[in-house]
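A quick write-up on the structure given underneath.
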Amino acid sequence: MPPDARMNLAQQLLIRALIAWLWRARAGGTMVRWGTALHDRFVLPHFIWADLMAVLADLAGAGYAFDPAWFEAQRAFRFPIYGRVEYGGVSLELRQALEPWHVMGEETAGTGTVRFVDSSVERLQVLASGSIPSGTSLPATGASCR
């Protein structure tokens with residue numbers, strides 16, 4: 001649930017446009033077996049944003065124009081940036097990614113259902129852009145990642 005009413009409205013408008021478009025025109029294509037790519041790729045902000053941009057382009061082609069800027073707040077909320085650095089023409093960005101939680105068990109409690117999940121891990125996206133000229137090396141900074 002988005003924490004802001006405007007974010008919620010943009011989300012609702014997107015869903016309504018998708019329903020209206022799919023009500024008028026039948027979706028084509030075939031089913032795709034993604035396998036482990038669902039966890040390896042489609043939880044990363046870069047690919048999720050690219051997919052959203054493709055959906056918005058499809059909607060625009062169907063007559064439903066959306067400004068991608070309307071969804072920047074969702075992007076910042078769902079995938080916060082942990083840090084950015086630029087050195088020697090190379091940019092590095094760390095951003096939170098989605099992490100599917102595996103359901104460990106399910107029990108009835110009171111008037112609802114409780115699902116225990118394994119939320120012990122978090123996923124990060126490391127996005128590097130730019131290039132290092134051949135034969136050039138970046139100085140060691142003493143930082144390491146494990």
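- Residues V55 and F47 fall into different hydrophobic clusters, defined by Ile, Leu, Val, Met, Phe, Trp and Tyr side chains chained together at heavy-atom separations under 4.5 Å.
- Between the side chain of Q74 and the main chain of M7, a donor-acceptor pair closer than 3.5 Å is present.
- Counting only distance, with no hydrogens or angles, the side chain of R24 and the backbone of A62 share a donor-acceptor pair below 3.5 Å.
- Shown here is R123, whose CZ atom has more than 12 heavy atoms of other residues, nucleotides or ligands within 6.0 Å.
- Put simply, CG on L124 and CZ on R95 are 11.5 Å apart, with the number rounded to the nearest 0.5 Å.
- At least one donor-acceptor pair closer than 3.5 Å links the side chain of Q125 to the backbone N or O of H46.
- Cluster annotation: F42 is connected to V32 through the hydrophobic network of ILVMFWY side chains, with a link wherever side-chain heavy atoms come within less than 4.5 Å.
- Within a 6.0 Å sphere centred on CZ of R6, heavy atoms belonging to other residues, nucleotides or ligands number 12 at most.
- In the hydrophobic cluster analysis, where Ile, Leu, Val, Met, Phe, Trp and Tyr join through side-chain heavy atoms closer than 4.5 angstrom, V126 is grouped together with Y82.
- Atom CH2 of W49 sits about 9.5 Å away from atom CZ of F79, to the nearest 0.5 Å.
- Atom CG of residue L59 and atom CG of residue L18 lie 5.0 Å apart, to the nearest 0.5 angstrom.
- For R78, the CZ atom counts as loosely surrounded, since its 6.0 Å shell holds 12 or fewer non-hydrogen atoms of other residues, nucleotides or ligands.
- You'll find the ring centres of W21 and Y64 outside the 6.0 Å limit.
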